[in-house]
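This report refers to the structure that appears directly beneath it.
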Number of protein chains: 2
Amino acid sequence: MQKIPKTKENLLNTAISLVWRNSYGLVTIDDICKEAGVLKGSFYHYFGSKQDLTIQSLDYFYTSVRPMFENIFSPEKEPVQRFEDYCNFVYKSQKELKALYGHVCGCPYASLGCEMSNQDDEIKHRIEEVFTLTQGLFAKTIKDLIDDGLIDEKAKPTDKAHKAYTYVIGVMMMARIQNDLNLIKREMRSGLFNIIGINVKTPKPA
Amino acid sequence: MQKIPKTKENLLNTAISLVWRNSYGLVTIDDICKEAGVLKGSFYHYFGSKQDLTIQSLDYFYTSVRPMFENIFSPEKEPVQRFEDYCNFVYKSQKELKALYGHVCGCPYASLGCEMSNQDDEIKHRIEEVFTLTQGLFAKTIKDLIDDGLIDEKAKPTDKAHKAYTYVIGVMMMARIQNDLNLIKREMRSGLFNIIGINVKTPKPA
DNA sequence: ACATTATTTGACTAAATAGTCAAATTTAAT
DNA sequence: ATTAAATTTGACTATTTAGTCAAATAATGT
């Protein structure tokens with residue numbers, strides 16, 4: 001873990017924030033510099049282009065997301081609880097973002113991927129990587145549900161995980177497009193549990 | 001139905017095509033004019049801005065999509081068949097687009113909505129309208145499934161329709177991001193039928 | 001045929017944007 | 001304290017982009 005210069009980290013965080021709540025195409029290098037309070041020369045000292053910055057942002061962002069996800073999906077927890085925690089985490093994060101920026105921002109990987117993955121293979125590759133890892137966490141949890149006899153094992157865990165994750169991306173998209181936080185509250189957990197086959201009752205308090 | 005001048009229609013179609021396969025932010029007015037073989041002066045004769053063009057494109061595009069959807073979801077057909085036809089239609093369209101442009105283009109409303117609906121309320125409004133209408137078609141079909149005794153009626157049709165449509169949007173996003181047509185083939189029908197509660201067997205030949 | 005309206009042309013401006021660079025400054029190492 | 005490396009500064013260029021406009025051309029109605 002090499003330490004990142006302050007200005008560089010500032011630019012990375014600013015880029016993530018701006019692209020997440022707006023879009024890749026709408027955010028210019030000037031925007032990022034202005035918001036970060038950094039001059040253009042400094043930007044080009046650390047990054048070769050917007051594409052370069054974006055790729056480094058994705059890597060940088062994932063280093064902060066990964067440990068959270070591994071905590072949420074920790075195998076030491078009850079599998080149902082992992083999905084509960086996941087839904088709560090997503091809702092809480094999106095609520096914070098909406099409070100900050102006035103918009104439901106959705107999934108940064110899905111939004112960026114939708115816009116950019118048919119333009120840039122490096123971006124595409126990184127996003128697919130995140131998708132694969134997250135689906136892996138889903139699959140492991142579903143496997144544990146089966147092993148615990150909590151759901152029946154008609155479908156393969158990886159298949160269920162894939163469908164469940166696809167649904168989650170759908171919810172995040174709809175919530176962003178319609179700028180509706182309640183969509184996440186109402187539809188994320190219930191739909192996810194439906195697809196996986198968990199008995200849907202009122203959620204346990206976090 | 002007033003007739004649209006040739007040049008204007010050309011610009012509308014070009015804009016739809018370019019934005020669909022790339023993105024809103026990446027496509028410039030110059031791009032659209034160049035691709036359409038139209039000079040900028042003509043562009044501004046018909047449209048006031050890119051935003052104006054986009055809104056008119058959405059309206060124009062939906063006039064061609066709507067009758068197709070109403071045919072697919074015609075109440076005279078068996079309800080299961082409607083969903084079969086819907087899946088086949090989506091797959092076929094995306095296959096054609098991929099053959100033309102080399103990319104899975106996904107749902108134009110969802111992609112544009114993701115990028116633009118927190119920037120522009122008029123665009124957002126039109127996209128939500130399409131979503132509402134499509135979910136209505138889903139809900140009607142699900143209601144017919146219940147009436148025919150083909151699925152049990154635990155959940156409300158509108159609720160199921162909403163979850164089903166959310167899943168469809170998820171599939172379209174994943175297919176676009178990963179540029180993978182097979183995702184639509186493999187996951188669209190099976191996931192949709194699962195959520196709705198239709199017995200999933202091998203699809204009937206179209 | 002004539003007048004009116006719609007459309008097209010192409011050159012134009014102004015602003016935004018990406019990217020460069022040498023010199024000045026700060027930081028870190030010996 | 002001195003040197004070397006890293007960082008910052010701010011002014012610079014070139015290109016792209018949105019948008020304007022008056023004149024020329026084409027289409028339409030009478």
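The sequence lines fix the lettering, A, B, ..., with proteins before strands; numbering per chain opens at 1.
Counting heavy atoms from C-beta on, the side chains of A:Leu12 and A:Gln56 come closer than 4.5 Å.
Residues A:Gly41 and B:Thr7 both approach DNA chain C. Their nearest nucleotides, taken by heavy-atom distance, put B:Thr7 toward the 5′ side. The 5' end of DNA chain C is approached more closely, in terms of each residue's nearest nucleotide, by B:Lys6 than by the other of B:Lys6 and B:Lys40.
A search for ring pair (Phe, Tyr, Trp, His ring centres under 6.0 Å) contacts involving A:Tyr60 returns nothing, not counting sequence neighbours.
Not a single donor-acceptor contact under 3.5 angstrom links the side-chain atoms of B:Lys50 to the base of D:dA18.
As judged by a 4.0 angstrom heavy-atom cut-off over every strand, A:Tyr46 is placed among residues touching the sugar-phosphate backbone only. Among the heavy atoms of the strands lying under 4.0 Å from A:Ser42 is at least one base atom, whether or not backbone atoms are also near.
Protein chain A contacts DNA chain C from C:dT17 to C:dC21, reading 5' to 3' and using non-hydrogen atoms of the protein with a distance under 4.0 Å.
In this structure, CG of B:Asp30 is placed 6 Å from P of D:dA18, rounded to the nearest angstrom. If you measure from atom NZ of A:Lys8 to atom P of D:dT8, you get 12 Å, rounded to the nearest angstrom. We find that OH of B:Tyr44 is positioned 12 Å from P of D:dT17, with the value rounded to whole Å.
A donor-acceptor contact shorter than 3.5 Å is absent between the side chain of B:Ser74 and the backbone of B:Glu70.
Side chains of B:Asp52 and B:Ser49: no donor on one and acceptor on the other come within 3.5 Å.
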*Let me see the working for A:Trp20 and A:Phe61 under ring-ring contact (aromatic ring centres under 6.0 Å, His included), right down to the final yes or no.*
CA-CA 11 Å; A:Trp20 196 351; A:Phe61 187 64; 5.6 Å; yes

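For A:Phe131 and A:Tyr165, the gap between ring centers is short of 6.0 Å.
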